[in-house]
Amino acid sequence: MDDLFAHKGTPRWTQTLAPGAVVLRGFAAESAPALMQMIDQLTRVAPFRQMTTPGGFVMSAAMSNCGSLGWVTDVQGYRYARHDPLTGLPWPAMPLLFAQLAQQAAYEAGFPDFVADACLMNRYAVGSRMSLHQDKNERDFSQPIVSVSLGLPAIFQFGGMQRSDAVQRIPLTQGDVLVWGGPSRLRFHGVQAIKAGTEDYRFNLTFRKAG
DNA sequence: TAGTAGCT
DNA sequence: CAGC
C-alpha cells in the first residue's frame, strides 16, 4: 500500500477556494522536472495537436492524453475515446508517477478514493487560453478533478455553477495542484491568456475518472 | 459558448 | 480591462 503513495510531494500551504476546492501550493514542485520529461516522452507517441470544438473553432491550447481514456473534441462533439484519433493507437499508458501524484493530491484535498483513468495534457503557448467551461463528459461526478500546473504561470478562473457567476482569479505557478470536487465539481473554470515569461509554454495535467 | 469580436 |  505504501507504494501507492510513493510520491513525496508535500504542499507548502493550501488555499481553499470553495467547499471541495483547494489549491495545494507547490505540491508537485519537486517532481516537476520528471513530469515535464514524461510529457515529452508521451507526446512523442501521442503528439500535441490543436483540436476543434463542435462549433468548428480551433482551440488555442494544444492537447494530448495518456491513460485508458482520452478527452477529445471535434465537430462531432466532446467525448472520451480509447484511441488517439490522430494515430489510431491507444493512448499511452499513464505513468506511475502521474497516477501516484494525482491520487495523493486528491487524498490531501479530501477525496481518498480517487483513481484517475484519464490524463489530459495541455500545452499553452504565449497567448493561449481556455474559456470558461464545465467538465461534464465524465460518468461519475462524485470523483474530483486534479489539475497540475507546470512551466509558465497562469491566471486560473474559478467560477460558479452558472457561466454568469463571478469568477475568482487564481495565480498558478509550476508545481501548484488544484483539486475540485464534491459541491464544486461542476463549477465553471478557465485559463486566461498566458503571458510571456522565462519559458516557452505552460503545461497542465488534468486528471479525471472519466469512465 | 473547452471560440471570438466588439462595445461600454 | 472586466463584463457584457
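Convention: sequence-line order gives letters A, B, ...; per-chain numbering from 1.
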Tell me the interatomic distance from [X], atom [atom1], to [N], atom [atom2], rounded to whole angstroms.
X: A:Gln157; N: C:dA2; atom1: CD; atom2: P; answer: 9 Å
X: A:Gln168; N: C:dG3; atom1: CD; atom2: C1'; answer: 17 Å
X: A:Met51; N: B:dT1; atom1: CE; atom2: P; answer: 19 Å
X: A:Gln162; N: C:dG3; atom1: CD; atom2: P; answer: 16 Å
X: A:Phe188; N: B:dT1; atom1: CZ; atom2: C1'; answer: 9 Å
X: A:Asp165; N: B:dT1; atom1: CG; atom2: P; answer: 15 Å

| request: Give me the ring orientation class for A:Phe207 and A:Phe98: parallel if the planes are under 30° apart, tilted from 30 to 60°, perpendicular past 60°. | output: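 Perpendicular: the ring planes of A:Phe207 and A:Phe98 meet at over 60°.
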| request: For this output row, return yes or no: ring centroids of A:Trp180 and A:Phe156 closer than 6.0 angstrom. | output: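 When the ring centroids of A:Trp180 and A:Phe156 are compared, they turn out to be within the sub-6.0 Å range.
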| task | Classify the nucleic acid contact of A:Thr73 as base, sugar-phosphate or nothing, counting any heavy atom under 4.0 Å across all strands shown. | result |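 No contact.
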| said: So A:Arg208, base contact, sugar-phosphate only, or nothing? Heavy-atom distance under 4.0 Å. | reply: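 Contact class for A:Arg208: base.
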| A:Val45 with A:Leu120, same ILVMFWY side-chain cluster at under 4.5 Å |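 No, no single cluster joins them.
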| message | Please determine whether a side-chain nitrogen or oxygen atom of A:Thr53 lies at a distance below 4.0 Å from atom OP1 or OP2 of B:dG3. | response |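 It does not, given that no N or O in the side chain of A:Thr53 lies less than 4.0 Å from OP1 or OP2 of B:dG3.
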| said: Under 4.0 Å from OP1 or OP2 of C:dC1: is there any side-chain N or O of A:Arg169 that close? | reply: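 For A:Arg169, the contact criterion (side-chain N or O under 4.0 Å from OP1 or OP2 of C:dC1) is not met.
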| said: Among B:dG3, B:dT1, C:dA2, which nucleotide has an atom closest to any side-chain atom of A:Arg163? | reply: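 Among the listed nucleotides, the one closest to the side chain of A:Arg163 is B:dT1.
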| task | Tell me which nucleotide among B:dT1, B:dG3, C:dA2 gets nearest to the side chain of A:Phe57. | result |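 Output: B:dG3.
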| Identified pairing partner of B:dT1, criterion: Watson-Crick or G-U wobble below 3.5 Å |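 Partner of B:dT1: none.
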| Please, what dot-bracket string fits DNA chain C when only Watson-Crick and G-U pairs with both distances under 3.5 Å count, crossing ones use [ ] and pairs to another strand use |? | .|||
| Excluding sequence neighbours, so at least two apart, what forms side-chain contact (heavy atoms from CB on, under 4.5 Å) with A:Ser60? |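 Partners of A:Ser60 by the side-chain contact (heavy atoms from CB on, under 4.5 Å) criterion, ordered by chain and then number, come out as A:Ser128, A:Arg129.
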| task | Start with the C-alpha distance between A:Thr73 and A:Thr52, add both sets of side-chain angles, then the distance that settles side chain to side chain contact (heavy atoms under 4.5 Å, CB included), and finish with yes or no. | result | CA-CA 6 Å; A:Thr73 176; A:Thr52 302; over 6 Å; no
| said: For a quick check under 3.5 Å, do A:Arg169 and A:Gln192 share a side-chain donor-acceptor pair by atom type? | reply: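 A donor-acceptor contact under 3.5 Å links the two side chains.
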| Does some side-chain heavy atom of A:Asn137 sit less than 4.5 Å from a side-chain heavy atom of A:Arg79? |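 With C-beta onward as the side chain, the pair stays apart.
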| query | In residues 114-130 of chain A, which residues come under 4.0 Å of DNA chain B by heavy atom? | reply |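 Residues of residues 114-130 of chain A under 4.0 Å from DNA chain B: A:Arg129, A:Met130.
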| task | Apply salt bridge (Lys or Arg N to Asp or Glu O under 4.0 Å) to A:Asp117 and A:Arg82, showing your working. | result | CA-CA 11 Å; A:Asp117 58 14; A:Arg82 299 218 157 252; over 6 Å; no
| query | Do you know which of A:Thr14, A:Val177, A:Leu178 makes side-chain contact (heavy atoms from CB on, under 4.5 Å) with A:Val22? | reply |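 The side-chain contact (heavy atoms from CB on, under 4.5 Å) with A:Val22 is passed solely by A:Thr14 among A:Thr14, A:Val177, A:Leu178.
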| Which whole number of Å gives the distance between the C1' atom of B:dT1 and that of B:dA5? |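 The answer is 13 Å between these two C1' atoms.
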